[in-house]
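FYI, side chains are in, hydrogens and waters are out, and symmetry mates aren't considered; it's all heavy atoms of this structure. Residue numbers start from 1 in every chain, and the chains themselves are labelled A, B, ... in the order their sequence lines are given, proteins ahead of strands.
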Amino acid sequence: MNKKILAILIAQVFLAPGMAAAAEGDFFEIGGRSSDETSLNAAKLYEYRDLDANGIFRGQFTGRSDDYSVRLRGDNVGAEDQFLEMVGEKYNFLDYRIFNNKIIHNLSFGPTGGRAPWAGIGGGNLVLAVPTPGNNPALWAPFEHSLQRDNWGGHVEVSPDSPFYIRFSANELNTDGIRPQGFRSNGGGFSATELPGPVDWTTRNWSVETGWEATDYVVSANFTQSRYYNNLFNKQINWREATNNAANSATQQPDNVYNQFFLNGVYRKLPWNGALMGKFTYANLENEQNTDPLGSGLARSTPVFSGDVDYTDASLAYSAMPADNLDLRAYYYYHDRDNQSTVVAYGAFLTEALSYTKHNAGLELGYRLSRANKITGTYDYVYVTRSPITFYADETTDNKLQLEWRNTSLDNVTARFKYWYLWRSSDFIQNFTLPANNQEFIRNYIGSYDVADLDQNVAKFTVDWAVLDNAALGLELQYKKNDYDDTVIGRTDDERYGVHLFGNYVFGNGIKLTAFGDYENTKYDSFHRNMGGGSCPAALPNCFSPYGGTLINPASVTSSWFNWNGEVKGDNWGIGFGFDAPIGERLLLTGSFLMEQSDSEVNFTAPVVSYPINDWDDYTKYAFNLKGVYAVSKEFDVTAGWTYEDYKLRDLAFDGYSYVPASNRLTGAYLYPDYHVNVLYATLKYKFQ
Amino acid sequence: MKLSKSARSGFFARVCAAAVFLLVPLSPSLAQQPAQQAEWAPCAQCHEGIVKHFEGNKHSVKGVKGTPASLGGGCGACHGDISDHLKTGSTDKLVRLADKKTPADQRSSTCLGCHSSGRHLTYWDMSKHKKNEVACSDCHNVHGKSNRAEVAYYRTTGFELEQEACEVCHLQVRNQFNKISHHPVPEGKMKCSDCHNPHGTLNHAMIKADSVNQLCLTCHADKRGPFIWEHPPVEQNCLNCHQSHGGVANKLLTERMPNLCEDCHDWGTHPSRLYDARGGWFSPAPGVPAGNDNRLISRSCGNCHSNIHGSNAAGTAGKRFIK
């Protein structure tokens with residue numbers, strides 16, 4: 001289908017009357033690529049790039065007159081990461097765009113990555129292959145954990161030489177492939193079964209927008225509908241356990257329909273050179289489902305779940321300059337999620353439909369102290385209320401004070417320093433009437449970090465220095481610290497700081513140099529209670545309290561009772577250096593080197609012997625690029641290039657991997673991602689003059 | 001009418017192809033590329049490359065209402081009085097839009113003189129870029145290519161990326177996109193402006209939707225629900241667990257599982273446990289057996305709780321997102 005469309009598109013370009021014209025930048029490029037990838041599982045190498053496409057076809061062609069323009073663009077034509085676009089315009093009346101954007105997302109390739117013991121991979125019914133290969137991965141079927149997104153769409157807009165416009169947009173996104181999905185198995189205990197999860201989704205969107213664009217005001221209204229279809233039959237996956245051939249099943253994503261209407265605008269002729277901006281949005285999301293789609297037979301209060309969520313947003317902002325040296329911005333945002341979905345009771349378990357309302361108001365004042373110095377102060381207030389959900393915050397209040405200083409004392413230097421302090425207070429719904437020997441009791445002490453009491457300090461410093469007309473340097477420093485001071489169990493604090501540098505220089509002979517360097521350090525601290533089971537031992541009657549004491553079972557941490565701290569630390573740095581060097585009149589040589597490294601670890605403090613995790617997302621990636629572009633003539637360029645890339649991951653969760661650890665069954669998702677590759681390519685480019 | 005799966009697949013592709021069929025032949029006068037205009041011909045004598053690039057964009061088209069070409073001012077329409085420059089080469093009276101020594105508001109005012117009425121600038125007065133004195137010409141290069149050498153991992157695309165304009169200032173974001181788990185922006189399959197409106201919006205990070213979740217769910221509609229069993233942090237902000245640009249943990253998670261999950265979950269059984277190196281595939285020390293613990297190895301919590309964004313399974317299997 002795609003190849004046919006491509007052939008038609010290309011033919012159209014050259015057959016259409018009058019398409020001989022072109023603009024600067026228009027070209028047609030054809031070439032070839034070869035790669036010698038060495039890896040057990042090259043999915044990471046190909047994650048978003050189709051390097052398997054040996055042919056390179058791309059181009060851009062523009063036709064233009066005083067009345068019309070049309071531009072065709074094709075990139076990686078025919079490949080899995082293809083992009084096609086046609087944009088056109090009848091000046092002062094109409095414009096349109098049609099596009100196709102394909103994205104591949106590769107996760108693991110078989111046979112050393114994706115393998116599974118089932119037949120029917122890619123569908124929703126997985127049956128064990130015969131003879132049963134349950135414990136022998138060598139007999140399993142290889143497959144690729146890979147998703148392909150294929151997005152076709154476009155718009156047409158009519159604006160007939162007036163401030164009025166109306167625009168229709170539509171697109172359809174098809175996502176197909178297989179992704180890893182893991183569910184609790186029926187094979188006994190807390191075993192996991194990882195499946196080749198089928199993906200066959202269609203999202204279809206359309207919208208109509210109309211408005212009026214004038215110098216003093218703009219107003220527009222928009223209606224959008226987005227429909228998501230999971231094309232999998234019954235929206236579920238069924239499989240047979242590899243350990244005992246027992247039937248099992250799990251739900252998949254439900255269809256939904258999302259309708260949204262918004263009205264927005266700005267009016268600019270207000271006092272103090274002010275502008276008033278506003279937006280109102282109403283949206284509804286709905287679907288309908290069986291409350292026991294897997295046929296568990298559990299007692300339930302209703303057979304049908306009606307999903308029905310309303311979103312209402314309203315924003316109002318005013319920006320003005322009351323005095324020459326003073327500017328202000330005041331804003332208020334309202335966001336409401338009203339979840340009217342069916343609440344279902346499964347015996348004692350009741351679903352909780354989260355609704356919440358958020359009010360956000362702020363005032364920002366900027367004062368120019370001198371021509372080169374400006375300070376800005378901001379106060380921001382956020383108040384969120386949530387429908388009651390046990391052991392979660394039903395109310396949070398954030399206050400934030402921010403100060404910013406901008407200095408341009410030196411002609412070529414812009415420096416900016418920003419600091420804010422944010423404090424949040426929360427009201428958690430707790431239940432201390434529970435006894436401390438009830439395992440629910442521990443939840444009174446958990447502070448989910450997304451809503452927990454918080455003290456936050458953030459500082460950022462940036463410098464942009466245009467050293468000379470042909471040289472520039474950039475520096476960015478950040479520091480962020482979150483203290484969840486009142487949290488007993490959960491994340492207690494996290495900290496991040498980073499240094500980022502960028503520079504470029506252009507020599508008089510046209511040689512360009514660019515370099516960057518990055519360093520980032522992160523740290524997450526947390527406090528936990530290790531609990532040895534669902535009921536208290538006699539020696540610890542209050543075992544589900546963090547103050548309930550310690551009981552160490554020398555044979556097993558998992559049956560011991562104690563408090564422990566975790567500290568996750570990460571270092572990440574990267575460097576890059578590149579040059580563009582014109583050699584003579586016709587040759588341009590470009591090259592670059594990049595390197596990225598991550599080193600993380602987890603340390604524990606506990607009254608039992610613990611072993612730190614040293615390799616945790618530890619990776620090194622580096623690349624060399626070298627490319628030469630030779631201008632054979634004004635019209636023709638010949639390009640030849642070489643790239644070397646190397647990637648190594650060291651991670652405790654994957655080093656020593658087995659597909660069959662005890663009664664678990666895994667598929668090899670993300671396994672053996674290391675690779676190194678040489679890519680050679682050459683193209684011939686015709687540039688329209 | 002509900003289309004069958006087979007009818008849905010490729011439906012839009014066929015519609016788009018049909019539209020191209022119609023549109024290209026309906027553009028019969030495309031041969032008339034505008035000839036070099038007299039107004040900027042004198043400038044081309046010294047600035048040939050700049051003028052050539054200018055002729056390749058819409059500003060040079062006389063037929064477009066309000067362009068410098070249609071206003072008849074030539075290069076002076078944007079650069080002010082160029083007569084002295086033409087006579088003596090003096091740049092004193094020129095409006096130099098790319099000269100960072102000129103205040104941003106002055107440089108932008110030239111552009112906003114024509115563009116302020118557009119809906120794309122509805123919220124410009126609230127944009128962080130305006131507040132931080134970013135001028136139009138800092139991002140929009142009317143005349144030609146940048147003066148930077150490309151330093152990037154091999155890309156299959158042959159076109160310049162929008163990201164290259166943004167990363168000059170957003171150094172931390174550039175670093176995040178270079179990390180191993182990222183949205184496909186460096187590969188050219190997404191653009192910064194797919195999520196952000198650089199001209200301003202009425203929310204904090206200039207994102208193009210009313211909330212973070214509504215933005216993410218535009219592309220990730222499978223996670224929209226509504227689900228019978230919801231995970232409250234998921235319904236409020238995807239950024240509670242994910243980084244938007246890139247990170248070192250898979251799936252753009254802010255932290256690795258199980259550490260991330262244990263930051264909020266503690267319970268009488270496994271969410272409370274100290275998962276140290278004993279849970280890995282290898283023995284961490286002589287005499288200590290390897291645990292092969294399915295809460296730590298491979299995809300950790302994701303080995304069982306794949307439906308973490310929401311589940312429709314009945315009872316506790318749904319409540320715990322394990323089916």
Side-chain angles (χ1 to χ4, degrees), chain A residues 5 12 16 18 21 23-24 48-49 58 63 65-66 91 98 103 152 172 181-182 184 192 203 215 218 228 231 250-251 253 266 275 292 296 298 307 313 315 319 341 346 439 448 450 476 491 500 504 506 512 514 518 531 534 564 568 576 578 580 592 598 610-611 613 617 643 652 656 661 664, chain B residues 5 12-13 16-17 24 28-33 56 63-65 117 119 122 125-126 147-149 151 154 156 158 171 175 184 187 189 202 210 221-222 224 226 228 232-233 235 240 248 259 263-264 266 268 272 274 276-277 280-282 284 292 294 297 303-304 306 312-315 322-323:
Chain A
I5 291 172
Q12 285 283 92
E24 195 221 20
Y48 297 123
R49 304 178 291 189
R58 64 172 73 100
S65 73
D66 276 339
Y91 297 137
I98 298 165
I103 302 177
W152 283 90
E172 181 182 276
Q181 284 192 294
R184 185 171 160 180
T203 308
T215 307
V218 175
Y228 164 78
N231 300 310
T251 61
Q253 289 62 40
V266 57
D292 188 14
S296 70
L298 280 175
D313 291 270
S315 311
S319 161
S341 303
Y346 295 99
Q439 64 174 333
S448 301
D450 56 316
E476 186 173 321
R491 187 184 294 176
H500 306 280
N504 72 282
V506 183
K512 301 174 188 173
T514 298
D518 300 295
M531 291 170 284
W564 59 278
V568 184
D580 282 8
S592 61
S598 171
S610 60
Y611 296 88
I613 297 174
D617 280 326
T643 282
L652 176 127
N664 304 280
Chain B
K5 156 65 182 153
F12 261 51
C16 292
V24 172
S29 56
L30 292 173
Q32 299 148 23
Q33 176 79 1
V64 180
K65 203 174 170 184
S117 65
R119 63 185 181 279
T122 297
D125 289 296
M126 282 301 285
N147 60 357
R148 299 187 303 277
V151 190
Y154 177 69
T156 55
L171 305 184
N175 174 229
E187 289 80 6
K189 303 311 293 179
L202 291 182
D210 291 303
D222 55 298
R224 222 156 35 190
I228 295 175
E235 301 304 331
N240 283 330
V248 297
N259 313 110
D263 280 351
C264 293
D266 211 335
S272 73
L274 188 158
D276 65 4
W281 301 93
F282 290 126
N292 295 348
N294 66 10
I297 57 173
N303 288 329
C304 289
S306 265
N312 291 321
I322 54 174
K323 281 197 177 178

Which of the residues B:Thr156, B:Asn292, B:Val248 is involved in the greatest number of heavy-atom pairs with chain A at under 4.5 angstrom? B:Thr156
At a 4.5 Å cut-off on heavy atoms, which part of A:Arg58 comes close to chain B: side chain, backbone, both, or neither? side chain
Among B:Asn303, B:Asn259, B:Ile297, which has the most heavy-atom pairs under 4.5 Å with chain A? B:Asn303
Chain A contact via B:Glu187 - side chain, backbone, both or neither, heavy atoms under 4.5 Å: side chain
Which value, rounded to the nearest 0.5 Å, describes the distance between B:Asp125 atom CG and A:Ser319 atom OG? 4.5 Å
Side chain / backbone / both / neither for A:Tyr228 at chain B, heavy atoms under 4.5 Å: both
At a heavy-atom distance under 4.5 Å, which candidate from A:Gln253, A:Arg184, A:Arg491 has the highest pair count against chain B? A:Arg491
Which portion of A:Asp580 sits near chain B, non-hydrogen atoms under 4.5 angstrom: both
So which of B:Pro226, B:Gly63, B:Ala221 has the largest heavy-atom pair count under 4.5 angstrom toward chain A? B:Pro226
Out of curiosity, A:Glu476 CD to B:Leu171 CG, how far, rounded to the nearest 0.5 Å? 4.5 Å
For A:Thr643, is it the side chain, the backbone, both or neither that has a heavy atom under 4.5 Å from a heavy atom of chain B? side chain
Under 3.5 Å: donor-acceptor pair, side chain of A:Ser448, backbone of B:Cys264: no
Between A:Val568, A:Asn504, A:Asp518, which shows the greatest number of heavy-atom pairs under 4.5 Å with chain B? A:Asp518
Tell me, for A:Leu652 versus chain B, whether the close heavy atoms (under 4.5 Å) come from the side chain, the backbone, both or neither. both
Test item: A:Trp564 and B:Asp276 side chains (from C-beta on) under 4.5 Å apart, heavy atoms: no
Hey, does the side chain of A:Gln439 reach the backbone of B:Gly268 with a donor-acceptor pair shorter than 3.5 angstrom? yes
Sidechain-backbone polar pair: A:Ser592 side chain, B:Val151 backbone, donor-acceptor under 3.5 Å: no
Test item: B:Lys65 and A:Tyr91 side chains (from C-beta on) under 4.5 Å apart, heavy atoms: no
Closest contact, heavy atoms only, A:Tyr346 versus B:Ala314: CE2-CB, 3.4 Å
Residues at least two apart in sequence or cross-chain that pass side-chain hydrogen bond (donor to acceptor under 3.5 Å, both in side chains) with A:Asp292, listed by chain then number, are A:Ser296
Region of A:Ser610 in contact with chain B, defined by heavy-atom distances below 4.5 Å: both
Does the side chain of B:Arg119 reach to within under 4.5 Å of the side chain of A:Val266, using non-hydrogen atoms? no
Sort A:Asp450 into side chain, backbone, both or neither according to what part of it lies under 4.5 angstrom from a heavy atom of chain B. both
